[in-house]
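The residues of the chain are indexed from 1 along the displayed sequence. Please read all numbers here as calculations on a predicted model, not as lab measurements.
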Amino acid sequence: NMEDDESLFTANYMLTLLKRSLKNHSTTRTILTTLLLGCVCLAIFLMTLFRDETGHLSKLHLAASCADTRDVYIASHANCKVANPWAIAFLNKEDWATCSPGLPGETILENRVDSEGSRYYPVDSKAEVLAFYQSCGPVCAADTDVYHSTLHLCVVNDAAANAYLAGHGGPGCQSQGGGEAAIRHATAS
């Protein structure tokens with residue numbers, strides 16, 4: 001490959017310069033040559049690292065190209081794989097998460113599902129998907145409960161539920177389902 005030959009020639013030339021400057025014992029020249037050699041080697045390394053299948057330099061996309069830092073960038077298709085848990089739950093019709101329906105980001109994600117159920121979106125749809133993500137959140141047990149984003153838990157605000165959980169429920173309150181155990185476990189940690 002001609003580009004590889006040019007890279008090898010450049011590297012050999014830089015090594016020759018380094019040897020000459022070491023021979024002349026010029027500290028400043030040695031430092032500058034070493035820095036220049038390091039920059040050239042780094043550039044060559046990065047250029048070979050970011051070549052696509054055709055041998056051309058590919059665009060460097062990072063996770064910042066996606067709407068959520070948890071989303072995974074797929075360089076070969078310039079797509080992001082959805083990893084936002086609330087959006088995934090909402091799109092999969094699970095009852096523990098909600099999002100604002102009808103947003104353009106929802107439509108984009110509804111239309112790009114692979115055979116395994118994973119969802120993808122093009123990088124240029126980042127803004128629409130981000131707006132959809134920002135409308136998503138968990139569904140708490142009662143309308144008065146509030147989601148605490150730092151704890152990743154719903155805060156129980158219902159007075160009767162708090163009294164029962166504090167042990168003041170009396171014989172008239174009976175446990176239904178696993179909610180009580182889940183709340184007690186979450187508040188114990």
Any side-chain donor-acceptor pair under 3.5 Å between [X] and [Y]?
X: Y120; Y: D114; result: yes
X: Y73; Y: N79; result: no
X: D68; Y: N84; result: yes

Within a reach of under 6.0 Å around CG of D143, are more than 12 heavy atoms found that belong to other residues, nucleotides or ligands?
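At most 12 heavy atoms, drawn from other residues, nucleotides or ligands, come within 6.0 Å of this atom.
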
Shortest non-hydrogen contact between C66 and K126, atoms and distance:
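Smallest heavy-atom distance, with atoms named: O-CE, 3.3 Å.
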
Would you name the heavy atoms of A67 and L130 that are closest together and state the gap between them?
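Taking A67 first and L130 second, the nearest heavy atoms are O-CD1, 3.4 Å.
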
Could you walk me through whether F132 and F90 pass side-chain contact (heavy atoms from CB on, under 4.5 Å), step by step?
CA-CA 11 Å; F132 176 65; F90 176 80; 3.8 Å; yes

Quiz: residues 94-108 side-chain donor-acceptor pairs under 3.5 angstrom, not counting sequence neighbours:
from : atom 1 : to   : atom 2 : distance (Å)
E94  : OE1    : W96  : NE1    : 2.6
E106 : OE1    : G102 : N      : 2.6

Could you check whether any side-chain N or O of N92 sits under 3.5 Å from a backbone N or O of A89, counting only pairs where one atom can act as donor and the other as acceptor?
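Not at all, since once roles are kept as given, no pair shorter than 3.5 Å links the two residues.
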
Any donor-acceptor pair under 3.5 Å from D71 side chain to A83 backbone
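Judged by distance alone, yes, a pair lies under 3.5 Å.
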
Rounded to the nearest 0.5 Å, how far apart are [atom1] of [X] and [atom2] of [Y]?
X: C136; Y: I88; atom1: SG; atom2: CD1; answer: 10.5 Å
X: H77; Y: R112; atom1: NE2; atom2: CZ; answer: 9.5 Å
X: I74; Y: S65; atom1: CD1; atom2: OG; answer: 12.0 Å
X: L109; Y: L91; atom1: CG; atom2: CG; answer: 5.5 Å
X: W86; Y: Y147; atom1: CH2; atom2: OH; answer: 4.0 Å

CA sep, side-chain torsions, deciding dist, call: V155, D145, side-chain contact (heavy atoms from CB on, under 4.5 Å):
CA-CA 5 Å; V155 177; D145 296 347; over 6 Å; no

